[in-house]
Amino acid sequence: MLKVLMQGSCSYDCAYCPVRTDSRGYSFTPEELAQTFLSLYRQNRVGGLFLSSGIPYDVDSAMADLIDTARLLRASGCDGYLHPKILPGTARTDINEAAWQANRISINIETTGESRLRALSGIKDYQQDIKKD
Ligand code: SF4
């Protein structure tokens with residue numbers, strides 16, 4: 001299993017996370033990541049991809065990159081295991097699209113409630129960034 005962060009930087013500050021408010025900015029484009037994975041997959045060096053991401057700008061663009069990577073892999077005939085994380089605050093249409101491409105999805109909710117989130121992050125808002133009805 002190849003586990004990778006699409007964006008290795010993030011504008012949020014979750015206390016437990018090594019990439020919090022990191023601006024080093026290393027990242028993959030969907031094309032780069034799909035090509036890298038396909039190369040390893042075709043050599044039988046990996047059988048699946050667990051894909052998550054920091055959120056350097058906004059959730060919609062970070063999630064779009066995860067979905068585009070999955071689309072590129074499926075369009076290339078890759079039928080390996082794909083597990084994209086659903087980032088907190090992802091729109092329902094993007095959740096549906098990710099699920100359509102994936103073998104499995106899981107959703108980051110970061111913590112069990114509003115007060116605990118406040119202890120972990122000075123930036124994230126429970127209603128706006130996690131629940132987002
Ligand atoms: S949003 Fe995710 S990547 Fe960003 S700091 Fe929090 S846990 Fe880390």
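These figures come from a predicted structure and were not determined experimentally. Both counts, for ligands and for their atoms, begin at 1 and track the order of listing.
Within 6.0 Å of the CD atom in Gln128, the count of heavy atoms belonging to other residues, nucleotides or ligands does not exceed 12. For Tyr57, the OH atom sits in a loose shell: 12 or fewer heavy atoms of surrounding residues, nucleotides or ligands are nearer than 6.0 Å.
In summary, the side chains of Glu97 and Gln101 do present a donor paired with an acceptor at a separation below 3.5 Å, with no hydrogens or angles considered.
Of all the heavy atoms in Thr112 and Tyr126, the pair that sits closest is O-OH, 4.3 Å. Across Cys14 and Arg20, no two heavy atoms sit closer than the pair O-CD, 3.1 Å.
Protein residues having at least one heavy atom under 4.0 Å from any atom of ligand 1 are Cys10, Tyr12, Cys14, Tyr16, Cys17, Val19, Arg20, Gly54, Glu110, Lys124, listed by chain and number.
Between His83 and Tyr81, the ring-plane angle classifies as perpendicular under the 30° and 60° cut-offs.
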